[in-house]
Amino acid sequence: MYALVDAVAFYASAEKVFDPSIRDKPVVVLTNNDGCICAVCPIARKLNIPKFQPYFKVRDYLAKHNVVIRSSNYELYADLSERMMNIVGRFADNQHIYSIDESFLHFQNYQLLIKNWSDYGLQIRQAVWRELKLPVGVGFGPTPTLAKAANHAAKKLPGFNGVAAIHNDRDSQAILQQMALQDVWGVGSRLAKKLQLMGMKSAADLAKQDAKMIKKQFSVVLARTVQELQGTSCLSWDAVRENKKEIYSTRSFGQRVMHFAILVEALVNHAVIVARKLRKQGSVAKRILVFAASSRHEDNYYKKQLIYDFSVPTADSRILAQQVSVMAVQLFRTNTRFYKVGVGAIELAPTANMQLSLFSQNQDKPELMKCLDAINQRYGQDTLKLVSQGQHQVWNMKRHFLSPRYTTHWQDIPKILCD
DNA sequence: TCTGGGGTCCTAGGACCC
DNA sequence: TCTGGGGTCCTAGGACCC
């Protein structure tokens with residue numbers, strides 16, 4: 001049995017944890033640079049506020065309905081996420097953290113002990129609420145895709161109170177019939193449209209399809225989804241938590257950037273982030289991609305990207321940063337209003353069998369990196385950093401509606417005032 | 001003033017080679 | 001008369017997810 005546990009409108013709910021005064025109000029959270037709406041709490045959802053709309057387009061509507069607006073407070077969310085994952089992880093022998101607010105659980109030994117999955121889900125829900133004041137949804141199913149579907153039902157369909165369990169075909173039929181095609185994990189708006197043209201109306205119709213036919217007409221990926229909906233596990237537990245094949249760090253600037261030095265500084269910071277993520281999953285980069293672009297919404301849209309192959313694959317922050325700053329020279333163009341830059345490691349190898357080059361000296365200092373990670377882990381990100389990462393980071397993002405970093409900064413710790 | 005997220009994986013089509 | 005293949009690698013862009 002699998003479970004998927006995730007938070008209800010995680011970012012919006014996280015904002016409510018330390019600010020009970022907004023718990024009964026509609027709350028939305030904006031993406032980086034306060035660009036788009038990325039989380040809508042259940043109360044705000046009733047106002048039909050669409051996700052991923054540019055904020056400036058709905059600003060008046062939000063103001064009219066007294067919607068509370070918050071910028072993304074990643075430090076707060078990351079910390080709450082970690083706590084939530086720890087609580088949820090206690091309930092199974094295997095956990096895979098899928099995103100900041102979702103984790104899959106896999107029950108092997110526990111399976112024998114659990115009599116009633118719905119009750120068990122309720123226990124998970126109650127534990128997270130009691131210890132963290134975050135609402136979660138819990139879905140159980142014989143495959144990861146069905147667990148996802150059950151989770152969707154738990155939160156969106158009437159009759160389930162945040163917990164749903166699929167034990168057999170009858171259960172899955174009942175839920176899939178009420179599910180839209182694009183609510184299936186792996187089916188987006190594009191695929192949903194095509195499937196509708198073939199006469200399918202609900203997730204249940206997709207589940208009825210012949211996987212071989214789907215593979216022929218669409219892709220392996222969708223064929224897998226169909227089989228998963230039918231109750232055949234295709235994503236083995238190991239596949240669910242496989243290492244990433246690409247690792248990116250990209251960001252748009254708070255203001256347009258026209259200076260070379262600032263562009264380089266931003267790119268170096270992305271390189272450092274990519275290097276850290278690589279080390280975390282035990283990979284080294286064989287090939288990296290670096291890009292810089294102006295805004296798509298502007299005339300003379302400019303984008304340039306470059307690829308570089310390391311003769312010796314690496315996850316060393318210094319080496320990646322160095323290479324990226326060399327490449328920045330070719331990305332830069334004068335009189336260009338740069339809007340977004342990024343670095344990606346697009347071909348990876350495991351650290352364990354690192355290929356050494358015959359001709360070039362290996363500059364990697366894994367021990368130094370280990371030390372750097374340990375210090376930053378303990379004292380906060382970028383406590384120890386490269387000089388080229390810069391001091392002030394003027395290019396950083398715009399966050400006008402930022403809440404306090406309640407759990408990660410001493411000066412922001414909640415105070416209880418007594419008269 | 002003027003605004004438009006970030007991350008990962010997949011694939012179609014082009015370039016190149018023999 | 002006049003035609004003409006197939007594999008690999010690369011890359012941009014698409015699709016999906018949250």
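The sequence lines fix the lettering, A, B, ..., with proteins before strands; numbering per chain opens at 1.
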Using the 3.5 Å cut-off, write out each protein N or O paired with an N or O of nucleotides 15-17 of chain C and the distance between them.
| residue | atom | partner | partner atom | Å |
| --- | --- | --- | --- | --- |
| C:dA15 | OP2 | A:Arg190 | NH1 | 2.6 |
| C:dC16 | OP1 | A:Gly188 | N | 3.3 |
| C:dC16 | OP1 | A:Leu191 | N | 3.0 |
| C:dC16 | OP2 | A:Arg190 | N | 3.1 |
| C:dC16 | O5' | A:Gly188 | N | 3.4 |
| C:dC17 | OP1 | A:Val184 | O | 3.3 |
| C:dC17 | OP1 | A:Gly186 | N | 2.3 |
| C:dC17 | OP1 | A:Val187 | N | 3.0 |
| C:dC17 | OP2 | A:Val187 | O | 3.4 |

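- Every residue was checked against the side-chain hydrogen bond (donor to acceptor under 3.5 Å, both in side chains) condition with A:Lys370, not counting sequence neighbours, and none meets it.
- Phosphate contact (OP1/OP2 of B:dG4, side-chain N/O of A:Gln53, threshold under 4.0 Å): absent.
- Within the cation-pi definition used here (under 6.0 Å to the ring centroid, within 45° of the axis), A:Lys303 qualifies as a partner of A:Phe291.
- Residues A:Ser249 and A:Arg224 each lie close to DNA chain B; by heavy-atom proximity, the contact nearer the 5' end of the strand is made by A:Ser249.
- Of the residues in residues 331-340 of chain A, those with a non-hydrogen atom less than 4.0 angstrom from any atom of DNA chain B are A:Tyr339, A:Lys340.
- Listed by first then second residue, pairs satisfying ring-ring contact (aromatic ring centres under 6.0 Å, His included) with a partner in residues 175-210 of chain A read A:Tyr98-A:Trp185, A:Phe104-A:Trp185, not counting sequence neighbours.
- For A:Asp171, the side-chain hydrogen bond (donor to acceptor under 3.5 Å, both in side chains) criterion is met by A:His167, not counting sequence neighbours.
- Counting only Watson-Crick and G-U wobble pairs whose two distances sit under 3.5 Å, DNA chain B takes part in these stems of three or more pairs: B:5-18 with C:5-18.
- In terms of phosphate contacts, A:Arg287 brings a side-chain nitrogen or oxygen within less than 4.0 Å of OP1 or OP2 of C:dC10.
- Sequence neighbours left out, not one pair with a member in residues 211-225 of chain A passes side-chain hydrogen bond (donor to acceptor under 3.5 Å, both in side chains).
- Contacts between residues 64-87 of chain A and DNA chain B, counted as heavy-atom distances below 4.0 Å, involve no residue at all.
- Remark: A:Gln95 engages A:Ser103 in a side-chain hydrogen bond (donor to acceptor under 3.5 Å, both in side chains) (not counting sequence neighbours).
- Not one side-chain nitrogen or oxygen of A:Arg59 sits closer than 4.0 Å to the OP1 or OP2 atom of B:dT3.
- For the pair A:Ser252 and B:dG6, the criterion of a side-chain N or O lying under 4.0 Å from OP1 or OP2 is met.
- The side chain of A:Thr250 contributes an N or O atom lying less than 4.0 Å from OP1 or OP2 of B:dG7.
- Closest approach of A:Leu30 and A:Ile37 over heavy atoms only: CD2-CG1, 3.8 Å.
- No side-chain heavy atom of A:Tyr301 sits less than 4.5 Å from a side-chain heavy atom of A:Ser295.
- Within 4.0 Å (heavy atoms only), A:Leu30 reaches no atom of the nucleic acid at all.
- The cationic atom of A:Arg251 (NZ for Lys, CZ for Arg) does not lie both less than 6.0 Å from the six-membered ring centre of A:Phe253 and within 45° of the ring axis.
- Side-chain proximity of A:Arg256 to B:dT3, C:dT11, B:dG5: nearest is B:dT3.
- For A:Asp169, there are no side-chain hydrogen bond (donor to acceptor under 3.5 Å, both in side chains) partners, not counting sequence neighbours.
- Evaluation of the salt bridge (Lys or Arg N to Asp or Glu O under 4.0 Å) rule for A:Asp309 yields A:Arg287 as partners, not counting sequence neighbours.
- A side-chain donor-acceptor contact under 3.5 Å links A:Thr145 and A:Glu228.
- Within residues 203-215 of chain A, no residue has a heavy atom under 4.0 Å from DNA chain B.
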